[in-house]
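Note that the structure is a prediction, hence the values are computed from the model and not measured. For the numbers below, each heavy atom of this structure counts, side chains included, while hydrogens, waters and symmetry mates do not.
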Protein chains: 2
Amino acid sequence: MAKSKNAKTIDTSTEEKIKKAARVVFYRKGFAATRTRDIAEESGINLALLNYYFRSKEKLFHLIMLETVSGFVQNMTFILNNEKSSFEKKIELIASNYIDFIVKEPNIPIFMLSEIRNDADGLFESLPVLQPLMQSVFFKQHQEYVTKGKIVEPNPFHFLINLLALTVFPFISSPLLKLVGGVSNTQFEMMMQDRKKLIPVWIKAMMKAK
Amino acid sequence: MAKSKNAKTIDTSTEEKIKKAARVVFYRKGFAATRTRDIAEESGINLALLNYYFRSKEKLFHLIMLETVSGFVQNMTFILNNEKSSFEKKIELIASNYIDFIVKEPNIPIFMLSEIRNDADGLFESLPVLQPLMQSVFFKQHQEYVTKGKIVEPNPFHFLINLLALTVFPFISSPLLKLVGGVSNTQFEMMMQDRKKLIPVWIKAMMKAK
DNA sequence: GTCTATAGGGGGATAGAC
DNA sequence: GTCTATCCCCCTATAGAC
């Protein structure tokens with residue numbers, strides 16, 4: 001871990017350039033299909049420097065993955081554990097924040113979900129960030145709504161899956177959508193903006209459906 | 001393409017054994033992370049035979065992918081173009097059939113969607129099977145419902161995304177669900193069976209939501 | 001810290017015996 | 001058709017000069 005000196009504007013150090021390039025390439029191609037040469041080329045640095053700073057391709061990958069998952073969960077737990085905001089408000093914020101987040105890095109979901117499936121070295125099992133979800137205020141509020149009869153289907157996992165599915169899946173399936181439906185990039189982005197408002201409406205309708 | 005002789009019971013030929021093993025390994029690890037040695041080991045055949053029958057790893061992969069996509073779309077187009085069945089009935093059939101299909105091969109969705117993202121050799125662009133979707137009876141019926149005011153959101157892509165999201169996404173996110181939520185395999189399978197009935201109910205509720 | 005050159009190993013593919 | 005042995009390229013990683 002090289003010390004990051006005085007970060008005047010943005011960190012333009014070699015270390016950070018490599019990480020930035022690694023994110024781009026790993027997100028797009030996954031670990032196995034990525035060559036260290038790709039990362040070196042993408043960042044404009046020499047191949048040997050990758051090993052100088054990060055020891056190995058695998059070490060660099062683990063670092064990127066850890067930071068990515070952390071970023072993904074970070075402001076989410078903040079939303080989920082807010083005692084003040086209502087259940088409905090949380091749904092709106094989750095949809096809105098996740099969509100904004102993923103629009104900036106559209107490849108993150110498919111990247112994470114495809115790397116997790118063959119988690120040979122048990123990287124994901126040791127990730128600290130994931131447990132708080134189940135004891136969050138959000139889930140307690142969900143439970144309340146179930147007992148009050150405001151939500152028909154009692155299984156909270158169905159609810160969680162549905163919320164994530166409506167929010168995340170469009171990005172995962174966007175290549176297919178563009179291929180089959182001929183949807184353009186700008187069309188797609190506009191649709192995702194629309195969904196910030198649509199998803200909460202849909203979810204609320206689903207809650208009462210039977 | 002070796003001729004498949006008289007298939008008495010099930011095709012137990014070497015060629016078919018290799019393909020079967022290739023499906024297993026490709027589905028689980030993706031193209032780049034798969035070694036031809038993995039496939040040989042999985043099928044119990046000699047490594048050289050893979051090249052004897054299929055010329056190269058890439059050729060074998062293309063074959064598997066083509067057959068996979070075809071199977072995925074096959075009975076679906078049949079459902080979508082049935083003039084007799086109602087719009088609602090089609091929704092039920094799609095959810096039910098897709099879930100049955102994916103339960104048998106849970107890795108197919110993440111496999112397809114992660115391979116399509118970096119489609120370097122343009123394999124997916126040349127796939128014949130995908131176009132009929134947009135001119136199907138199903139989409140015409142959707143359009144009717146929009147004009148009749150039975151569906152609030154007019155964009156058919158939102159509808160398609162939502163239906164696929166609720167059906168397919170659970171399988172893609174199942175590793176995460178098992179990790180974070182501690183959901184067991186049997187629990188998960190039961191939930192997927194429940195969703196055959198739940199998804200049509202939810203979708204109908206979403207249609208009228210605003 | 002950054003470069004060039006190269007070691008070292010893994011993995012796809014093939015030659016050739018049977 | 002099936003096997004063993006082997007080729008050879010590509011990719012990660014490191015040695016060593018600057």
Side-chain angles (χ1 to χ4, degrees), chain A residues 1-65 115 118 120-121 123, chain B residues 1-65 115 118 120-121 123:
Chain A
M1 305 294 164
K3 55 181 177 180
S4 66
K5 311 206 85 181
N6 42 357
K8 286 183 180 180
T9 50
I10 34 170
D11 195 345
T12 179
S13 67
T14 300
E15 191 177 353
E16 194 55 38
K17 275 196 290 189
I18 296 174
K19 277 174 64 176
K20 186 184 169 90
R23 271 191 291 272
V24 171
V25 184
F26 279 142
Y27 287 174
R28 185 168 55 222
K29 306 179 31 164
F31 176 78
T34 294
R35 303 174 308 156
T36 51
R37 282 169 167 79
D38 296 334
I39 298 175
E41 192 180 348
E42 173 75 26
S43 59
I45 57 99
N46 186 280
L47 175 56
L49 289 177
L50 190 151
N51 291 87
Y52 174 78
Y53 281 102
F54 300 98
R55 303 278 305 176
S56 75
K57 175 189 175 186
E58 200 176 20
K59 288 257 180 31
L60 174 57
F61 176 75
H62 283 183
L63 180 64
I64 298 293
M65 180 59 86
E115 295 294 340
N118 192 35
D121 32 348
L123 176 61
Chain B
M1 304 295 164
K3 55 180 175 180
S4 66
K5 311 208 86 180
N6 42 357
K8 287 183 179 180
T9 51
I10 35 171
D11 195 345
T12 180
S13 68
T14 300
E15 191 177 353
E16 194 55 39
K17 275 196 289 188
I18 297 174
K19 278 173 64 175
K20 187 185 169 87
R23 271 191 289 272
V24 171
V25 183
F26 279 142
Y27 287 174
R28 186 168 53 219
K29 305 178 35 163
F31 176 78
T34 294
R35 302 175 309 155
T36 51
R37 285 167 169 80
D38 296 333
I39 298 174
E41 192 180 348
E42 173 76 24
S43 58
I45 57 98
N46 188 281
L47 174 56
L49 289 176
L50 190 151
N51 291 87
Y52 175 78
Y53 280 103
F54 301 98
R55 302 282 302 176
S56 74
K57 175 190 174 185
E58 199 177 24
K59 289 256 182 26
L60 175 56
F61 176 76
H62 284 183
L63 181 63
I64 298 294
M65 180 60 85
E115 295 295 339
N118 192 35
D121 32 347
L123 176 61

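Electrostatic pairing of A:Arg35 and A:Glu42 does not count as a salt bridge here, judged by no charged N lying under 4.0 Å from a carboxylate O.
Both tests hold for B:Lys57 against B:Phe31: distance to the six-membered ring centre under 6.0 Å, angle to the ring axis within 45°.
Computed from coordinates, the A:Ile39 CD1 to D:dA13 C1' distance equals 14 Å when rounded to whole Å. In this structure, B:Asp38 places its CG atom 12 Å from C1' of C:dG10, rounding to the nearest Å. In this structure, A:Lys57 places its NZ atom 14 Å from C1' of C:dG9, rounding to the nearest Å. Going from atom CG of A:Leu47 over to atom C1' of C:dG8 covers 15 Å, rounded to whole Å. Whole-Å rounding puts the B:Leu50 CG to D:dC3 C1' distance at 15 Å. Following rounding to the nearest Å, B:Glu58 (CD) and C:dG11 (P) show an atom-to-atom distance of 18 Å. Between A:Ile18 atom CD1 and C:dG1 atom P there is a gap of 11 Å when expressed in whole angstrom units. In this entry the distance linking CZ of A:Arg55 with P of D:dA15 reads 10 Å, nearest Å.
Relative to the side chain of B:Leu49, the nucleotides D:dT14, C:dT14, D:dT2 differ in distance, and D:dT2 lies closest. Of the listed nucleotides (D:dT12, D:dT4, D:dG1), D:dT12 has the atom at the smallest distance from the side chain of A:Arg35.
The base of C:dG12 sits with one of its N or O atoms less than 3.5 Å from a complementary donor or acceptor on the side chain of B:Arg37.
An OP1 or OP2 oxygen of D:dT12 is reached within less than 4.0 angstrom by a side-chain nitrogen or oxygen of A:Thr36. Phosphate proximity of C:dG1 to A:Thr14: absent, as no side-chain N or O sits under 4.0 Å from OP1 or OP2. In terms of phosphate contacts, A:Tyr52 brings no side-chain nitrogen or oxygen within less than 4.0 Å of OP1 or OP2 of C:dC3. The side chain of A:Asn51 contributes no N or O atom lying less than 4.0 Å from OP1 or OP2 of D:dT12.
When all heavy atoms of A:Lys17 and A:Ile45 are compared, the pair lying nearest together is CE-CG2, 4.4 Å. Nearest heavy-atom pair across B:Ala40 and B:Asn46 is CB-C, 4.3 Å.
A distance of 11.5 Å separates OG1 of A:Thr14 from CG of A:Leu50, quoted to the nearest 0.5 Å.
Residue order along DNA chain D, read from the 5' end via each residue's closest nucleotide, puts B:Gly44 first among A:Ser56 and B:Gly44.
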